[in-house]
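Keep in mind that what you see is a predicted model, and the values were worked out from it rather than measured. Each chain gets a letter, A, B and so on, in the order the sequences are listed, and its residues count up from 1.
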Number of protein chains: 2
Amino acid sequence: MPTLSEVARHAGVTPATVSNVLRNRGRVGATTRQRVLDAVQALGYRPHLAARALAEGRAPTLALMVSSIANPFYPEFALAVERAARTSGHFVIICNTNEDPLSGRAYLEQIAGTLSEGVLVTNANLDFADLHTTEARGTPVVLCMWERPAEPPGLPCVAVDFRRAGELAGLHLLELGHRRIGAIVGSKASGIHAARYEGFVDALRTAGVPKARVKHAADTIQGGYAAARALLESDPKLTAIFATNNLPALGAMHAAADLGLNVPADLSVIGITDIQLARESRPALTTVAVPTVEVAELAVTLLRELIESSYGQQAAGRGTARVPMRTASSPELVVRASTGAPRSR
Amino acid sequence: MPTLSEVARHAGVTPATVSNVLRNRGRVGATTRQRVLDAVQALGYRPHLAARALAEGRAPTLALMVSSIANPFYPEFALAVERAARTSGHFVIICNTNEDPLSGRAYLEQIAGTLSEGVLVTNANLDFADLHTTEARGTPVVLCMWERPAEPPGLPCVAVDFRRAGELAGLHLLELGHRRIGAIVGSKASGIHAARYEGFVDALRTAGVPKARVKHAADTIQGGYAAARALLESDPKLTAIFATNNLPALGAMHAAADLGLNVPADLSVIGITDIQLARESRPALTTVAVPTVEVAELAVTLLRELIESSYGQQAAGRGTARVPMRTASSPELVVRASTGAPRSR
DNA sequence: GTGAAAGCGCTAACAG
DNA sequence: CTGTTAGCGCTTTCAC
């Protein structure tokens, strides 16, 4: 592979000049510039990104921490991030923590600041302390789906109003006339579904509808299946089920089918987030969509800004700076086929 | 961030020595080694990967080219690759071509050899010429799912016997007693489903069963849906449908449902590859699984070997070297609930 | 406008 | 065993 100096030699100039024309830095005469460009063409020169990274003190890559692939939401989000990163000139290294905080830490230890100049975090089951450490070391970190805009975390983030999402789901069910509703809430441990559930509960309370039965479940189809069965067995009169996520909602639909219940005639089902699967299930799942692509874009933009400013002011005024937060636009109800008016029974 | 020389100074040795203990290169006295290790600890030193990449002339990253996310198979495979790469000490940069060869080329232009020392290619709709170019430039390329072991492509690859997969699907249907079978074959353009279909046809022919009706379809649920409807309308007596991929198979199940057909009582459906979706559809899809994880591992291993040898023999004997190919173990039938004996009608 | 020179952080011979 | 000496390929002041 040809190097910068080879190009320089070929063009009869010095490496500095070549570098200048390539990056539109400094002033270069029109004819010299052309000569350099020709040489680049002739030799098929391509800048060595690792070398450039070293010289510039910054690598053109971002690390994206994801927890697993079991939930199709993450790959979908990952691709959205890749697109956003690409338009900002970054490459993305995909770091699968596989739900293991240690694995996540190992990734951060290795590449944060040494191979990637920023870190994006999806719900990756990471140790927050590790994230603070990498931030303290000078590598910006952005959380991608912070669930409660009202309570900023200690790290920069893109917030999504998941409380509102839960509320919208609740309102939809109420409007349809449901009064006896069950709820499937994602695993308590991660606490990530708390806001969604809160919003849902608020909607019911405001409407004066009795609180729903709740069942916690793993964020999987199976988890939702089991939870829905339990819910329906303990209260066969339920006319609707709200799930804080799509996979459990899908599981609930399966459970309904196995119990001989028709969705939505006998049982309405609604979820949150809008993955491809939701569009393609039978019946298609009604859900509250969160603006995934927008979140990815906001996150990448925010990360870039943090990166930029971290190069500017070397840890200046760190203590006083407020932790930045961007809020994505509001979730939106997507009505499909899994919800309808309750059949009187 | 502390540097190697800072560690060296702290430990009262030279950078070279630190480097040696860190990489277990050269001989270092036990006490010196300990002193260095202590300094590393004390300073919280972490090697700068970009700098190392430049010095070594090789980056610890692999590029994974994928075409899209519409088909959940790719993300699933991508994660398998990440796992395999990780155990071989590599990071993976995810390159989404988005079905656009130009986008793929841009990726290759930029990072092949300059930021990543190897390229893994899934069915990414790339221009083969671009791949050959990057290979000629000295960056090894490995194709991840070559479909016909009998006809090596011009590039190193991991082959999967998709012909056999099609055959297994056909045999399964035949064994169940089906004689009137429809086939949904993935888009002709990519030609990627040809082998699967061949195997299927061979199975029928060998059994003396009349050739099936064929319908081409996009590799999506919708595509399969439309194809299945067309198939069933043109021949309502079909008792089974074979699809060369999972998404169309799922679509066929939906079509059956809409036509009032019960799967598998009225219509059996079988697909190829085994994505998560297949396990969770209702009824669960019978399919022929290909060893995804194994393919990922073989691909990474092969790529590593190519990388290693490319550093050894600087383009030596390039012309004569045979293009290496690894073959993954045979596809296997996974019987689930979407296939059964044909109901006599 | 262009060149000279220093250096990013690390590795890799080769000396001692 | 450890230190010296060169770079890897590129960027970036700062002179000229």
Open item on the list: dT11(D), OP1 or OP2 - any side-chain N/O from Ser19(A) closer than 4.0 Å?
Closed with: yes
Task: Residue mapping more 5' on DNA chain D - nearest nucleotide basis, Arg33(B) or Leu54(B) - done: Arg33(B)
TODO: Ignoring backbone atoms, test whether Arg52(A) places a side-chain nitrogen or oxygen under 4.0 Å from the OP1 or OP2 oxygen of dT11(D).
DONE: yes
- [ ] Counting heavy atoms from C-beta on, name the nucleotide in dC10(C), dT12(D), dG9(D) closest to the side chain of Leu4(B).
- [x] dC10(C)
Task: Gap between atoms CZ and C1', on Arg9(B) and dG9(C) respectively (whole Å) - done: 13 Å
Task: Between C1' of dC10(C) and CG of Leu22(B), the distance in whole Å - done: 11 Å
- [ ] Give the rounded distance in Å between these two atoms: CZ of Arg58(A) and P of dG7(C).
- [x] 22 Å
Open item on the list: Taking 4.0 Å as the cut-off, does a side-chain nitrogen or oxygen of Arg23(A) come that near to OP1 or OP2 on dT11(D)?
Closed with: yes
TODO: Flag yes if more than 12 heavy atoms outside Arg46(B) fall under 6.0 Å of its CZ atom; otherwise flag no.
DONE: yes
- [ ] Between Asn20(A) and Pro15(A), name the one whose nearest nucleotide on DNA chain C is closer to the 5' end.
- [x] Asn20(A)
- [ ] Pick base, sugar-phosphate or nothing for Gly57(A), based on heavy-atom distances below 4.0 Å to the nucleic acid.
- [x] nothing
Open item on the list: Check this one for me: any side-chain N or O of Thr3(A) less than 4.0 Å away from OP1 or OP2 of dG9(D)?
Closed with: no
Task: 5' priority, DNA chain D, between Ala55(B) and Thr31(B) [closest heavy atom] - done: Thr31(B)
Open item on the list: Does dT2(D) have OP1 or OP2 under 4.0 Å away from a side-chain N or O of Thr17(B)?
Closed with: no
Open item on the list: Applying a 4.0 Å non-hydrogen cut-off, can you work out what Val13(B) is touching in the nucleic acid: base, sugar-phosphate, or nothing?
Closed with: sugar-phosphate
Task: Parallel, tilted or perpendicular, as decided by the 30° and 60° cut-offs, for the rings of His132(B) and Phe128(B) - done: perpendicular
- [ ] For the residue pair Val300(B) and His90(B), establish whether any side-chain heavy-atom pair is separated by less than 4.5 Å.
- [x] no
Task: Interatomic distance, Leu115(B) CG vs dC8(D) C1' [rounded to whole Å] - done: 15 Å
Task: Atom-to-atom span, CD of Glu56(B) to P of dA6(D) - whole angstrom - done: 22 Å
Task: Distance, rounded to the nearest Å, where Arg25(A) contributes CZ and dG1(C) contributes C1' - done: 16 Å
TODO: Please confirm whether the backbone N or O of Pro156(A) pairs with a side-chain atom of Trp146(A), one donor and one acceptor, at under 3.5 Å?
DONE: no
- [ ] Quickly work out the Glu117(A) CD to dC8(C) P distance and round it to whole Å.
- [x] 19 Å
Task: Side-chain donor-acceptor pair present, Glu76(B), Thr292(B), cut-off under 3.5 Å - done: no
Task: Whole-Å distance separating the CE atom of Met1(A) from the C1' atom of dC8(D) - done: 12 Å
